[in-house]
Amino acid sequence: MMTGRIGWQRGAALVGPLLLVACGGGGGGGIASTPTPTVVIPTPIATPAPTPTPTPVTVPPTTNPDTAQYRATVGAVSMNALAAYQRGATGAGIGIGIVDTGIDLQSTAFGNRISSASRDVAGNSSVDDASGHGTAIAFTAAGGRGTTMGAQGVAFEATVIALRSDKPGSCGSGTSGALDSGCRFPSDAIANGVDAARTASARVINLSLGGTTMPSQLQDAIGRATAAGIVVVLSAGNDGAADPDAFTSVAANTAVARNQVIIAGSVGTNDTISSFSNRAGSSARYYLSAVGEQVRAPNQNGEIYLWSGTSFAAPQIAGAVALLAQAFPNMSGAQIVDLLFRTARDAGATGMDAIYGNGVLDLTRAFQPVGATSVAGSRDAVSLLANATLSAPMGDARTGALGAVILDGYGRAFGIDLATTISRAQPQPLLTAALGTGGRQVAATIGGTSVAMTIAPRQGRWSAEPMRLSMADADSARAIAGTVTQAVGSRLSFGIGFAQGAATLVGQLTGRRDPAFLIGDPRGLGFATLTRGSGAVRQRLGDYGVTAAVEDGVMRRQLDDPTQRPTRFNRLSLTLDRQVGAFDLALTGEQLAERGTVLGARFGAGLGAASATSWFAALETRFHAGDGWTIGGQWRNGWTSAAVHAGFDGSGLIRTNAFAADIGKDGVFGGDTMGLRIVQPLRVAAGGIDLSLPTYWDYARGAVTNWTTQRMNLTPQGRELDIEARYARWLGPGTVQTNLYWRRDPGNIAALPDDYGLALRYALGF
């Protein structure tokens with residue numbers, strides 16, 4: 001028969017004379033004798049960490065758990081058990097098996113939470129504690145809140161399954177104040193206690209015991225417990241040794257432990273290893289540290305002591321296991337252990353080390369999502385930080401709350417407001433894009449063929465760039481960047497463009513004369529794109545012209561982000577134009593098909609991975625009033641249908657518009673030109689996307705049982721308006737061109753300051 005033993009240091013009673021009694025908590029002979037300490041009730045120095053988010057799907061507490069009693073519980077504060085309490089996790093309904101010296105049946109610290117399965121398994125007459133060690137251990141793990149003890153247990157509503165396992169009469173054989181309490185634990189009694197805890201449906205078993213070996217009889221009992229999914233916590237021992245007690249060697253026996261055994265080492269409230277605690281050593285993989293110094297708890301007579309020893313680090317961990325088991329009933333024992341190891345607070349050398357093992361117990365991260373996260377009820381990945389980026393037409397849209405349930409890598413359910421993971425596109429600098437060229441424009445016309453492109457130097461060679469027009473070129477709209485046009489007879493013509501939009505080709509084929517403004521394109525999409533190629537064909541039908549155009553490209557923002565795959569878009573348009581006297585008229589219908597974006601906005605799988613098809617109708621007119629005066633106007637309306645492609649339902653209809661008006665005059669002072677224009681770029685006028693999001697996760701069924709349709713509003717509060725003045729004149733061999741603009745609510749974001757700028761250019765012909 002093997003006998004286990006316990007030891008501990010009771011710092012001093014708060015009633016009666018001060019005295020130092022036996023110490024230990026993991027065996028190995030206890031700790032070295034020390035002078036009688038001066039007892040001061042410790043004031044916790046740790047401040048609970050901020051409430052983590054997202055929150056577990058649990059019932060929140062009805063009262064504030066951050067009490068003076070909580071703050072006096074050094075182990076709970078160190079691990080930030082408040083992170084669990086604020087989610088409603090208290091250990092309720094979870095059984096903690098305490099295989100020890102029994103429990104004080106007269107104590108008020110446990111209420112009605114001492115399980116009826118509690119019993120003596122060693123031949124004593126009662127489970128009633130004769131030593132105080134078992135009661136103090138049980139209180140540390142599950143002592144009630146609101147008692148007169150001045151502190152509480154970690155899982156203060158858990159059920160205590162007290163299994164008294166000390167050899168009859170042994171706890172009374174020690175001398176008061178000696179290094180050893182005298183308690184002895186037969187190996188068969190400990191094994192019986194482990195089995196009794198298992199049959200009583202404990203989720204965690206605490207063994208604050210120690211010894212020189214781990215007998216096979218007890219190993220078998222631990223194996224039966226881990227096979228049932230139970231976590232077993234063993235104290236490391238109090239010899240200050242480089243390795244834990246040999247009693248803990250079972251943790252490394254994978255066939256028995258099944259990665260569900262934790263070796264508990266002791267630290268102080270400053271995360272420094274206790275002088276008496278055995279270190280992690282060769283068992284670092286299974287070792288977790290927790291506070292085991294001056295832990296406030298009652299003895300078998302209700303007297304309150306400050307206890308020290310790895311015996312009191314172990315029930316801190318057992319209580320944390322109970323909190324997780326209640327909050328996340330889907331988690332297996334092995335998952336709980338893995339989670340505690342992964343989320344431990346690093347101490348000592350970076351990462352796992354031979355002193356602190358995995359680190360110090362910390363529930364801050366343990367009650368946050370860990371690992372890959374997905375939308376509940378689907379396999380669609382969801383980010384805790386960024387699931388969407390709105391585009392400029394959506395500006396500062398207040399999307400509204402989008403509550404949903406997500407699952408982390410352990411299958412745990414958390415509530416999250418997905419609206420907080422939606423960011424806004426930053427307005428693009430206007431003059432940088434308009435003036436960002438350092439090359440030359442080349443254009444040539446031979447018969448009915450016209451070729452135009454920009455050639456710019458790049459890394460010592462010349463290469464093609466999208467055309468930036470000079471004033472004269474823009475006024476005539478004849479020299480178009482990266483295009484080739486061809487007239488076929490007097491009524492048919494076509495054009496091909498590369499790195500150039502279809503609108504430019506249409507302008508060339510129809511002979512449209514646009515004033516040379518730099519910013520605010522009412523024909524544009526309102527978000528950055530990169531055109532790969534375009535084509536257009538125009539047919540004259542009497543007084544009318546009909547032009548069909550196509551454009552293919554990718555979203556420029558996608559290209560700037562190497563972590564995302566480029567998304568494609570296609571534009572098809574049909575334009576009907578006619579000149580009526582001094583009026584140029586054009587009516588355009590257009591379709592925009594996006595693959596992976598909605599009006600340039602990207603929505604990740606967590607928000608449906610939506611794509612969209614848009615239809616636009618635009619009316620343009622320009623009146624040539626004579627004497628060099630022109631007046632122009634454009635109006636553009638759009639209707640976008642968004643479709644969700646992720647593992648939940650959703651769709652939306654979005655209405656957009658844009659407009660522009662300008663007035664200009666050529667020959668103000670002779671050989672010059674000037675103009676003024678106001679533009680509202682494309683902006684969402686109304687609409688959004690309706691998403692059917694999971695809002696309740698049933699752990700018992702492992703499925704979503706409630707879906708709620710929620711609106712993701714995409715209408716911005718801001719409204720961008722751009723006012724631009726232009727002036728140009730010939731000067732010597734070239735032209736001086738100046739543009740002055742003012743921009744309100746840039747990018748349709750009301751909170752941004754007004755943007756304004758001035759461009760001054762001098763262009764030479766070659």
Side-chain angles (χ1 to χ4, degrees), residues 53-60 369 372-391 393-408 411-425 567 592-615 638-656 683-717 748:
T53 183
T55 59
V57 182
T58 52
V59 179
T373 49
S374 61
V375 178
S378 76
R379 295 182 179 178
D380 299 311
V382 63
S383 170
L384 303 181
L385 301 175
N387 287 294
T389 303
L390 302 185
S391 59
M394 302 165 188
D396 57 4
R398 298 176 181 174
T399 56
L402 297 171
V405 176
I406 63 173
L407 303 181
D408 74 349
R412 300 184 297 165
F414 291 82
I416 185 174
D417 182 1
L418 291 172
T420 63
T421 68
I422 299 175
S423 61
R424 298 166 180 165
T567 58
L592 169 68
E594 298 174 78
R595 307 168 195 173
T597 55
V598 177
L599 293 172
R602 180 190 62 84
F603 298 97
L607 281 170
S611 294
T613 301
S614 302
W615 294 265
W639 299 265
T640 298
S641 176
V644 168
H645 300 297
F648 48 92
D649 295 332
S651 62
L653 183 62
I654 305 164
R655 184 167 62 84
T656 56
R683 174 183 181 271
V684 173
I689 300 176
D690 294 317
L691 296 172
S692 181
L693 296 173
T695 52
Y696 188 83
W697 178 261
D698 188 333
Y699 275 113
R701 296 172 56 185
V704 175
T705 56
N706 190 65
W707 299 78
T708 303
T709 299
Q710 302 173 58
R711 163 59 63 97
M712 180 166 52
N713 172 59
L714 297 176
T715 306
Q717 303 295 306
N748 293 310

If every non-hydrogen atom of [X] is compared with every non-hydrogen atom of [Y], which pair is closest and at what distance?
X: Ala700; Y: Asp698; result: N-OD1, 2.9 Å
X: Ala376; Y: Pro694; result: O-CG, 3.4 Å
X: Ala419; Y: Thr399; result: CB-OG1, 3.5 Å
X: Trp615; Y: Ser641; result: CZ3-CB, 4.1 Å
X: Trp697; Y: Ala413; result: CD1-CB, 3.7 Å
X: Ser611; Y: Glu594; result: CB-O, 3.3 Å

Any luck finding a side-chain donor-acceptor pair between Asn387 and Thr421 under 3.5 Å? yes
Taking the side chain as every heavy atom from C-beta outward, state whether [X] and [Y] have any pair of such atoms under 4.5 Å apart.
X: Thr715; Y: Val684; result: yes
X: Val598; Y: Met394; result: yes
X: Phe603; Y: Leu390; result: yes
X: Ser374; Y: Asp380; result: no
X: Arg424; Y: Asp396; result: yes
X: Leu607; Y: Ile689; result: no
X: Leu714; Y: Met712; result: yes

What distance do [X] atom [atom1] and [Y] atom [atom2] have between them, rounded to the nearest 0.5 Å?
X: Trp707; Y: Asp649; atom1: CH2; atom2: CG; answer: 8.0 Å
X: Thr373; Y: Ile406; atom1: OG1; atom2: CD1; answer: 5.0 Å
X: Leu691; Y: Arg711; atom1: CG; atom2: CZ; answer: 9.5 Å
X: Asn713; Y: Leu402; atom1: CG; atom2: CG; answer: 10.0 Å
X: Asn706; Y: Leu693; atom1: CG; atom2: CG; answer: 11.0 Å

Test side chain to side chain contact (heavy atoms under 4.5 Å, CB included) applied to Val704 and Val405, step by step: CA-CA 9 Å; Val704 175; Val405 176; over 6 Å; no
Can a donor-acceptor pair be found, under 3.5 Å and without considering hydrogens, that links the side chain of [X] to the backbone of [Y]?
X: Thr420; Y: Asp417; result: yes
X: Arg683; Y: Pro716; result: yes
X: Gln717; Y: Arg398; result: no
X: Ser391; Y: Leu599; result: yes
X: Thr389; Y: Ala601; result: no

Just do the side chain to side chain contact (heavy atoms under 4.5 Å, CB included) check on Val382 and Leu418 with the steps written out, would you? CA-CA 9 Å; Val382 63; Leu418 291 172; 3.7 Å; yes
